[in-house]
Amino acid sequence: MSVPEYFVLGGDRMPRIGFGTWQASDEVLEKAVAAALDAGYRHFDTARAYENEAALGRALNRWIGNDPAKRKELFIVTKIPPGGNRPDLVEECFNGSLKDLGLDYIDLYLIHVPFAFEYVPGDLHPTNHDGSMKVDLTTDLVAVWKTVLKLKESGKVRHVGVSNMNEEQILRLSAIEKPACLQIEVHALCQQSSMLAAAKRLDIPVVAYSPLGSKALADNLAAKTGREYPSLLDLPVVKKIAAAHSRTPAQILLRQLLQRGVAAIPKSTDPTRIKQNISVWDFELNENEMAELAALDRGENGRICDFSFFVGVEKHPEFPFKK
Ligand code: A2P
């Protein structure tokens, strides 16, 4: 099964293996991005809420130098922070991202989450005294989407899309204008078949985040909640298929996503693993292997990023997941 290496968004090519950047310190990230550029990554994913846009921007700009053709090779994605989900704040947040990244334009700008925090300048994750989030319950998602769409008129963003939304929310926004892209958690334990089918019906390309199971987040949540998060990379089926192809478990997990028709943004800070994760074009999983991997799905129970780390956010009327 040959798998195209790009999605085409309105004439622009978005590589289907991108580089994820959540949860890395600035210094580590700059080195990792340099290694990723060397390894051939051209699609980089960040967010205002990750607080690393400046570090990513420094690494990208070192590579671009004075060559505008090199900027055109890149596909850069960032996202509105949860505190910016208000029509009067979208442009300010967008300009902040653009400035920190040190770029003239963004390739894809996403609404990061459908819920919202109160806007507190200088504090992207405002909390109450009891540790719960200061949640803004008044979000008008359609109004936010209309404002995001307007950003395209400035020429400073080429495409706009959404992340972490459920099917009803995507349909609601699509009635205004279809998002150019949907970014959601997808991996072997959380296969999102119904969301992928909905996106296919709407012809919206899907990017999988946490494609390898985001160990740091899973460990963090496990420590807080006592819940068990199996390591995707250690699943016996994944290891068996990896051995059969002389590949790594990460390559098997990524290849499964590619053959399911989605893009993926693995992150790594290790140059060898960074290279491995983009070397997934020259082998193929057969039908039996795809079926064995499909059987690993745990549905909603397999979701890692359920936002339980934002205490109280599930009370928001736009909280996207089953309560
Ligand atoms: P490291 O940075 O040490 O490579 P996700 O992309 O799902 O968020 O997962 C990222 C996690 O997976 C990180 O802990 C990263 O650790 C690890 N990781 C990334 N690539 C590989 C790989 N090829 N093999 C094993 N672990 C990997």
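All ligand and atom numbering here is 1-based and tracks the order in the structure.
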Checklist entry - Linking Ile, Leu, Val, Met, Phe, Trp and Tyr by side-chain heavy atoms under 4.5 Å, what else ends up with Tyr119? => result Leu89
Checklist entry - Do the charged groups of Asp107 and Lys72 touch, with an N to O distance under 4.0 Å? => result no
Item to check | Mutual orientation of the aromatic rings belonging to Phe319 and Phe307 [parallel < 30°, tilted 30-60°, perpendicular > 60°] | outcome: perpendicular
Item to check | Close side-chain approach of Arg227 and Leu221, heavy atoms under 4.5 Å | outcome: no
Just list the N/O pairs, ligand 1 to protein, that are under 3.5 Å apart, with the distance for each.
unit_1: ligand 1; atom_1: 2 (O); unit_2: Thr269; atom_2: N; d: 2.8
unit_1: ligand 1; atom_1: 2 (O); unit_2: Thr269; atom_2: OG1; d: 2.9
unit_1: ligand 1; atom_1: 3 (O); unit_2: Arg273; atom_2: NH2; d: 2.7
unit_1: ligand 1; atom_1: 4 (O); unit_2: Ser268; atom_2: OG; d: 2.5
unit_1: ligand 1; atom_1: 4 (O); unit_2: Arg273; atom_2: NE; d: 2.6
unit_1: ligand 1; atom_1: 4 (O); unit_2: Arg273; atom_2: NH2; d: 3.3
unit_1: ligand 1; atom_1: 6 (O); unit_2: Lys267; atom_2: N; d: 2.9
unit_1: ligand 1; atom_1: 7 (O); unit_2: Pro211; atom_2: N; d: 3.4
unit_1: ligand 1; atom_1: 7 (O); unit_2: Leu212; atom_2: N; d: 2.8
unit_1: ligand 1; atom_1: 7 (O); unit_2: Gly213; atom_2: N; d: 3.1
unit_1: ligand 1; atom_1: 7 (O); unit_2: Ser214; atom_2: N; d: 2.9
unit_1: ligand 1; atom_1: 8 (O); unit_2: Ser214; atom_2: OG; d: 2.6
unit_1: ligand 1; atom_1: 8 (O); unit_2: Lys267; atom_2: NZ; d: 2.4
unit_1: ligand 1; atom_1: 20 (N); unit_2: Asn277; atom_2: ND2; d: 2.9
unit_1: ligand 1; atom_1: 23 (N); unit_2: Gln276; atom_2: OE1; d: 3.3
unit_1: ligand 1; atom_1: 23 (N); unit_2: Asn277; atom_2: OD1; d: 2.9

Checklist entry - If you take all heavy atoms of Ala36 and Phe19, which pair is closest and at what distance? => result CB-CD1, 3.7 Å
Checklist entry - Would Asp140 and Lys146 pass as an ion pair if we require N to O under 4.0 Å? => result no
